[in-house]
Amino acid sequence: MRSRVMKALLKKELRDVMRDHKTVVMMFAVPLLLYPIIFLVAMLVMSMILTSGRGQDYRAYLKVESDDPIYAKIEEYNKKHADDEDGATHIKIIDAGEISNFKKSLSDESIDIAVIYGSKDGKDVYTLYYVSSVVNSTGCYDVFDSLIREIKDEKIEGLITSHGLDAEKVLSPVSIVPENIATKEESAGSLLGQLIPFFLITSLISGIVYPAIDTTVGEKERGTLETTFSLPVPGRDIIFSKFITITIIGVISAFLNVLSMGGMGAFMINYLSGIMDENEMNNFFAGFKWQNFIPSLLLIMLVTLSFSLFLSAVSMCITSLAKSQKEANNYITPLTLIVIMTGYLGFIPNLKLTKGLAMVPVANVVLVIKELLLFKINYEMIGIIIVTNIAYSVFGILILGRLYRSEKVLFDEGRISVNLFEKRKNMEKGGVPLVGDAWFILMLVMVVFIYVGGLLQLRLGMIGLTLSQVLIIAGIPVLYALYTKRSIRDTFLIRRTGLKNYIGGFFLILGALFIGMIVTSLLGYLFPSEMENVNVGMEDYLNKGFWVTLLVVAFVPAVCEEMMFRGFVFSAMKRRYKPLIAILIVAITFGVYHMSIVRFFTTALLGAAICYTAYKSGSIFPGIIMHFTNNALSVIIYYHGEKIGKYIPFLLKEFYNAKEVFVILLLGAVFTVTGSLILGVKDGREKKQ
């Protein structure tokens, strides 16, 4: 009975998706029509460029001696191309009497090149005047450059021979014989390993986005979602059928994209066979065994399927939060950009797949496909990637289940999500930002900080870092809150709070620090090179003097980042979501903001501890102290590490033994529980409320 219900639900979802014209176009028309058209148009343009100068004579102005060897070289060149069937260009010498100013003639394109002969220090000097912005002039320059190089080589050989020496031995005393031991399949795999991963994940995300939007927010707009959930079937079956439908569409779309690109590749081979002679074709393809790619292709299909599960789950989670398809497109755009940008990892040479990277979404798929096409099959890595993607998918489905049990998420027809797009005169005063405001500011700040902040730090160093924090991280949210008439006090939690919240926050940050030490040690083991890069990057800001560093690295970020994350973002999130969900969202975005896989988990953990304190205290100030404590500890260890190491040696260690791990985790748990209990105690003012 269950299987029949699932089959019916799946059939219904597939039918609904196929009714959407956008999905059909992206699934079939784009890969089967657009790519070939783009490819053929590109070939046509290239062919036009290559043939545009053929059949036209190069017009050359010569100011050289009458017996100059350049005349003989021009004659040889013209004879060589006299019988060419492709209409190759020849060189026509323009009578010097027709040219009064050769530079003006070059600019007017009445000649293509001017060759002026002279001598300097007993050497022959040919000056070639041409116009690089004119195709014919550039082509003519290349021809004359080649001819004059031949003259040069002949003169060198003549001088050497006149002294009774062997010109070949003098000019080439050492020979290089290249022996490439890579097979033709490996050479082809090296090229395909850069292209296929990028096109595969790009086509996969393109194929998943539209059905994800249609099966979630599309049903909201059509008003059929209520009807679907009123059916006498479990809600998890409805969710699962939508999830499987999106996965199937994504895989089919990716397969068609790869098939289309393969067809273009076959067309290119046939095209080459038409312009290459039989011997060249035999040398090019002799011994090439296409069947050697079959095991790798089967494993790529398996990995792609697991990755499709992950993308489907994430896409559904994101689009389910939207109230319209337009809004869903805005929400899904960052995910699309992240996937596409990560696809460029395949073009980075010598970037190898490690156990750590095998657990990083998108990057793991790109790198494993690259290695599989090089015939480097590591079943352990493949297993980690498949299991990891499936685990992420299951986690996404669990989140999706919670979202679909929330009527507020599914059927909320509230106000516009981003206040910025309303007329300011219609904005109500007071209150806190909306969720859409928070996401908008997060993306805006991230982009501005990367480009403008990066430029400021590059040009001004520590001063630039400070300006980036004050003007971008804190400045943009404050200006946005003022423009949208939000309450500064409520938005940024600017309230006094009791001493017990500072004490509780202090214990909580100590607990997060101790647990974070173990997490950092584990990440350092999994990502040694990434951890080294982080340490090197930190040292750039830790050597400017203790008090300056403490101000710039500890205090300024503590204030500015707290205003951004535990102020603006958290106040918006807790307005719509339950406290735990809001805290998790803020913690994850805080980890992503630091843009480092090795810092993500520790910063997210610290962010969660600070956010919980802000929630319990209702104030931003304990969080600022916690944030400052964490950053200040790094500065103190950098400047006074030897003294601290005498009393607390484990603070300076990179890796720990089992006993040390147990003790540190135990201390972390004790401090965390103590801080949580203190924060949970209501003070007199809270009791009155």
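Residues Y480 and F440 are in side-chain contact: their nearest non-hydrogen atoms beyond the backbone lie under 4.5 Å apart. Proximity of I70 to Y117: side-chain heavy atoms (C-beta onward) are nowhere separated by under 4.5 Å. Within the 4.5 Å cutoff, the side chain of Y593 has no heavy atoms near those of the L442 side chain. In this structure, the side chains of E76 and K73 come closer than 4.5 Å at one or more pairs of heavy atoms. Counting heavy atoms from C-beta on, the side chains of N631 and P557 come closer than 4.5 Å.
By the side chain to side chain contact (heavy atoms under 4.5 Å, CB included) test, T466 pairs with V470, V552, V556, sequence neighbours left out. The salt bridge (charged side-chain N to carboxylate O under 4.0 Å, His left out) test applied to E109 returns no partner, not counting sequence neighbours. For E75, the salt bridge (charged side-chain N to carboxylate O under 4.0 Å, His left out) partners two or more places apart in sequence, or in a different chain, are K79. With sequence neighbours excluded, the residues satisfying side chain to side chain contact (heavy atoms under 4.5 Å, CB included) with L471 are L467. Residues that satisfy the ring-ring contact (aromatic ring centres under 6.0 Å, His included) test with Y71, not counting sequence neighbours, are absent from this structure. By the side chain to side chain contact (heavy atoms under 4.5 Å, CB included) test, Y141 pairs with I113, L128, Y130, D145, sequence neighbours left out. The ring-ring contact (aromatic ring centres under 6.0 Å, His included) test applied to F102 returns Y61, Y129, not counting sequence neighbours. By the side chain to side chain contact (heavy atoms under 4.5 Å, CB included) test, I205 is found to be paired with V209, L311, S315, L335, T336, V339, residues two or more places apart in sequence or in another chain being considered.
Each salt bridge (Lys or Arg N to Asp or Glu O under 4.0 Å) pair with one or both residues in residues 117-127, not counting sequence neighbours, appears once here: D124-K155. Within the structure, side-chain hydrogen bond (donor to acceptor under 3.5 Å, both in side chains) contacts touching residues 371-382 (residues at least two apart or in different chains) are K355-E380. Within the structure, ring pair (Phe, Tyr, Trp, His ring centres under 6.0 Å) pairs that include any residue of residues 175-194 do not occur (at least two apart or interchain).
For the pair S146 (side chain) and D142 (backbone), a donor-acceptor distance under 3.5 Å is absent. Of the possible donor and acceptor atoms, one in the side chain of S110 sits under 3.5 Å from a partner among the backbone N and O of S105. In this structure, S137 contributes its side chain and S132 its backbone to no donor-acceptor pair below 3.5 Å. Side chain of S308 to backbone of T304: no donor-acceptor contact under 3.5 angstrom is found.
Checking D68, I91, I93 one by one against L62, the side-chain contact (heavy atoms from CB on, under 4.5 Å) holds for a single residue, I93.
The minimum heavy-atom distance linking F347 with Q194 is given by the pair CZ-O, 3.4 Å. Across every non-hydrogen atom of F198 and I340, the tightest pair is CE1-O, 3.7 Å. The two atoms that bring I473 and M564 nearest to each other are O-CB, 3.5 Å, heavy atoms only. Considering every non-hydrogen atom in both N364 and A358, the closest pair reads ND2-O, 3.1 Å. Minimum interatomic distance between F293 and L373 (heavy atoms only, all atoms of both residues): CE2-O, 4.0 Å. Annotation for T342 and A363: closest pair CG2-N, 3.6 Å, computed over non-hydrogen atoms.
Atom CD1 in I196 sits 12.0 Å away from atom OG in S296 (nearest 0.5 Å). Between the CD1 atom of I332 and the OH atom of Y210 there is a distance of 11.0 Å, given to the nearest 0.5 Å. Annotation: the span from Y639 atom OH to S634 atom OG amounts to 12.5 Å, rounded to 0.5 Å. Between I151 atom CD1 and I156 atom CD1 the span is 12.0 Å, to the nearest 0.5 Å.
Salt bridge R59/E98: absent, no basic N to carboxylate O contact under 4.0 Å.
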>> Please evaluate residues I377 and L372 with respect to the criterion side chain to side chain contact (heavy atoms under 4.5 Å, CB included), reporting the C-alpha separation (whole Å), side-chain torsions for both, the decisive distance (0.1 Å), and the verdict.
In response: CA-CA 6 Å; I377 299 177; L372 286 172; 3.8 Å; yes
Got a list of side-chain donor-acceptor pairs under 3.5 Å for residues 162-170, not counting sequence neighbours?
unit_1: S162; atom_1: OG; unit_2: G158; atom_2: O; d: 3.4
unit_1: S162; atom_1: OG; unit_2: L159; atom_2: O; d: 2.6
unit_1: H163; atom_1: ND1; unit_2: L159; atom_2: O; d: 2.8
unit_1: D166; atom_1: OD1; unit_2: E168; atom_2: N; d: 3.0

